[in-house]
Amino acid sequence: MAKYPFTNEAAEHVRELDLKIEDMSEPILTRAEQRIEEALLYAEVSTQLPKDEIEIASFPVAVMMVASTADTLIKGRYALAEAKRAYKLLNEEQDKNKILEIAGAFNWKIRLADKRPPYEFALSFMDYLKNATRLQAKEWKLVNRVVANGEVYLTKDDTTRLLEEEVRRHIEKKLDVKGKFALPENVAKRVERLEQLSVKHRGKIQFEELPEGIVISAFPPCIKDMYNGLSSGHHLSHIGRFALTSFLINAGMTTENVVNLYRSLSDFNERLTRYQVEHIAGGRGSRTRYIPPRCSTLRTHGVCTRMDEICKGIRHPLAYYRRKLRTIETKAPVERA
Amino acid sequence: MKTIETKTFVRNKFLEYYEKHPSSIQPPTQIEKREFGFLLFKERVMIRHKGFKNVDDLAKTLKTLVPSDVYYSSAYYEKPEEEMGEKGWLGADLIFDIDADHIRTPCAKIHDKWTCSNCGTAGKGVVPEKCPACGEQRFDEKTWPCEVCLESAKAETVKLLDMLTRDFGFSSKEMSVSFSGHRGYHLHVESREVQALDSMARKEIVDYIVGIGLETSFHGLEERGQKKSRVLFGPGLDDSGWRGRIARGTYEFLLTATSEELGEIGLKKKVVDTLIQHKETILESWKEKGPWGAVKDVGVESWRKIAQRGAEMRSAKIDTVVTTDIHRLIRLINTLHGKTGLKKIEVPITDIEQFDPLKSAVAFKEGTVKVLISDAPEFRLEDQTYGPYKNREVELPTAAALILLCKGMAEVKEEK
């Protein structure tokens, strides 16, 4: 339980102890604070195991402290660091049944499968997809896996890696509390110190604003092709239009200019186009501004037709734009629209 | 003789069908949680966000609205009649759409036509990128549900069924296949489990089915051992999942591949010659470890290209957008298709090979109609073959007349 404090069993145990945040002992608070500090500084919570009672209770306390910050960066980093810790510990387990047990705690449909080396586990494809879609390497694509009878065949390392992802999602969910909330003063002080640490550590990683003008030469190939095509009256697929429009809006183009771009089409309908562009810009209905689909989605639907060197290092058209801008900005002047 | 307006005539026929066969309307599971949409004949607008408590109300609406096409959502909603953002998405069936439009068939040249919306230039076959006359890219397309196209769509459906059954482990109870009434097939998976799949997970399933992002190195095609004693290994015919499929596709490809086809996938002339020369050896090799490394001078990179081509032959050409869209509207079973007057019907999974869409989907079995046909290809309906026709007045059975009327290839002269 001390090793895997995120399981329901461990949570139940803490509940039975009926501990209140007001009367947590110093060692528990210190270890909780340490967990978060390690996450912020080293992106991984250490696997050292002090006394079980301290280790088990320090986890829910740390979760509470992180949740109270209402800071998505701290939350994300903490969840990831705890997940990495779990991955390390799971990999050290010699008994495969222990892995089954932890997977079972998340209701995975998994079984031992040792008849097909090098695979050791067979996991239901539903549980696989829940966790693998966020992993970007090609080897995690379902199409590159052995899939039979609703199960995906996995090595031990594959399995623990997917469990890491499950743990991360589990903790992120726990941390998903809206707004700040009050903690006893001694705890709040520790949280404050951690928040300052986070700000300091964040250093120069500021939110990257895009420049005001649109730099066409920094567009990724897919967007550039569609942009040029549209300017010369080419028609685009539905998803192509969506990708282009949301890209331009997010790159800072005005609704007016985007609408004008569609004017060259033979079936241009100003009222409808304006409505659609405004909708994507977040000015209508749902009020959310849409961002373009990620690269893998554009590939699925045939919008991505050619990739260049920068494409290989990014997963999102807007990430391409930011990166290319950085390389361009050193060499002026550039074409601005 | 009085000529009857075509649209009115077709609409009246559709009304007749919905009046005569109210009990054939099958409600989707949990009808009260589905959104319905109806395309109207005259206005050509879609009425959306409709909800029904039961199938009787739905059947009544069909009789009053008489839509050209009837759709329902693959999704389940708390409040299906609300605006999109307010509906409360609860889950969605996993659906697949296979349309002959996504498959290149040789017959498209014979029966498919396009007309440039700008200058009126017309041509046959697949729509060009640009109008050869004026450079415009907007076309009016006329496709045709021909037998060859429908057969190839069915072949893709069979491949899809095989993957869903053997790889994904769905049972025939969870799946249903239907003929759309036009040029394609739909496959629905309905189970509690799949309902919760998000769009990302569905995209991964799509990529699996179509083979997008597939790399043969992850499927056992690799070189093992040290420099001089390097040996090539590859997947076997009986392997599970994509491995077996790659092997079987490779077998199939090499069985019939010509020098040109081998050249097209980017193989060097020397490699092509070697493969053609050693065709016998390669075919024999499948009895043991397969062709990988069976012939000298064909290296791992060449085998990758061949295996990729083999994989492509085994992938199923589904419409990628339909499956990833978790709010999709899809045609309701046993309703009429506005482009043909045929009905969307269920296909028995175990008997799919014998299924004849041009027989089973016929909705109108009585009467004849006298029509003036401007231009129509040869076609079959049930056991009768018709056409080709050009500027001719013919008396046809109702179903045959309707398909031409719906396609805009004929006008009504007189109904009997």
Problem - Modelled atom types, side-chain donor and acceptor of Tyr76(B) and Asp93(B), under 3.5 Å - result: yes
Handout entry: Proximity breakdown for Ser237(A) and chain B, heavy-atom pairs closer than 4.5 Å
Key = neither
Problem - Lys/Arg-Asp/Glu bridge criterion (N-O < 4.0 Å) met for Lys79(B), Glu86(B) - result: no
Exercise for the section: Please look at Ile212(B) and chain A and tell me whether the side chain, the backbone, both or neither of the residue comes under 4.5 angstrom of a heavy atom of that chain. Expected result: both
Exercise for the section: Using only heavy-atom distances, determine whether the side chains of Asn91(A) and Thr160(A) contain a donor-acceptor pair under 3.5 Å. Expected result: yes
Practice task
Determine the option with the most heavy-atom pairs under 4.5 angstrom with chain B, choosing from Thr133(A), Asn144(A), Thr300(A), Leu129(A).
Solution key: Asn144(A)
Problem - Residues from residues 319-328 of chain B approaching chain A under 4.5 Å (heavy atoms) - result: Thr320(B), Val321(B), Thr324(B)
Problem - Selection from Ala196(B), Ala201(B), Gly241(B), Gly211(B) maximising heavy-atom pairs under 4.5 Å formed with chain A - result: Ala201(B)
Problem - Selection from Gly213(B), Ser117(B), Gly85(B) maximising heavy-atom pairs under 4.5 Å formed with chain A - result: Gly213(B)
Handout entry: Arg309(B) and Thr250(B) side chains, donor-acceptor separation under 3.5 Å
Key = no
Handout entry: Between Tyr153(A) and Ser240(B): side-chain donor-acceptor atoms closer than 3.5 Å
Key = no
Problem - His186(B) ring center within less than 6.0 Å of Phe96(B) ring center - result: no
Problem - Check: Tyr321(A) ring centroid to Phe247(A) ring centroid under 6.0 Å - result: yes
Exercise for the section: Keeping the roles fixed (side chain from Asp239(B), backbone from Gly236(B)), state whether a donor-acceptor pair exists under 3.5 Å. Expected result: yes
Handout entry: Heavy-atom pair of closest approach, residues His49(B) and Glu82(B)
Key = ND1-O, 3.7 Å
Problem - Interface moiety of Asn118(B) toward chain A, non-hydrogen atoms closer than 4.5 Å - result: neither
Practice task
Kindly state whether the ring of Phe219(A) and the ring of Tyr320(A) have centres lying under 6.0 angstrom apart.
Solution key: no
Exercise for the section: Answer with yes or no whether the side chains of Asp157(A) and Tyr87(A) bring together a donor and an acceptor at under 3.5 Å. Expected result: yes
Handout entry: Ring centres under 6.0 angstrom apart (Phe125(A), Tyr208(B))
Key = no
Exercise for the section: Would you kindly say whether Trp108(A) and Glu166(A) are connected by a side-chain donor-acceptor distance under 3.5 Å? Expected result: yes
Practice task
Heavy-atom distances under 4.5 Å only: say whether Arg145(A) touches chain B with side chain, backbone, both or neither.
Solution key: backbone
Completion exercise
residues 158-167 of chain B vs chain A, non-hydrogen distance cutoff under 4.5 Å, contacting residues -> Arg166(B), Asp167(B)
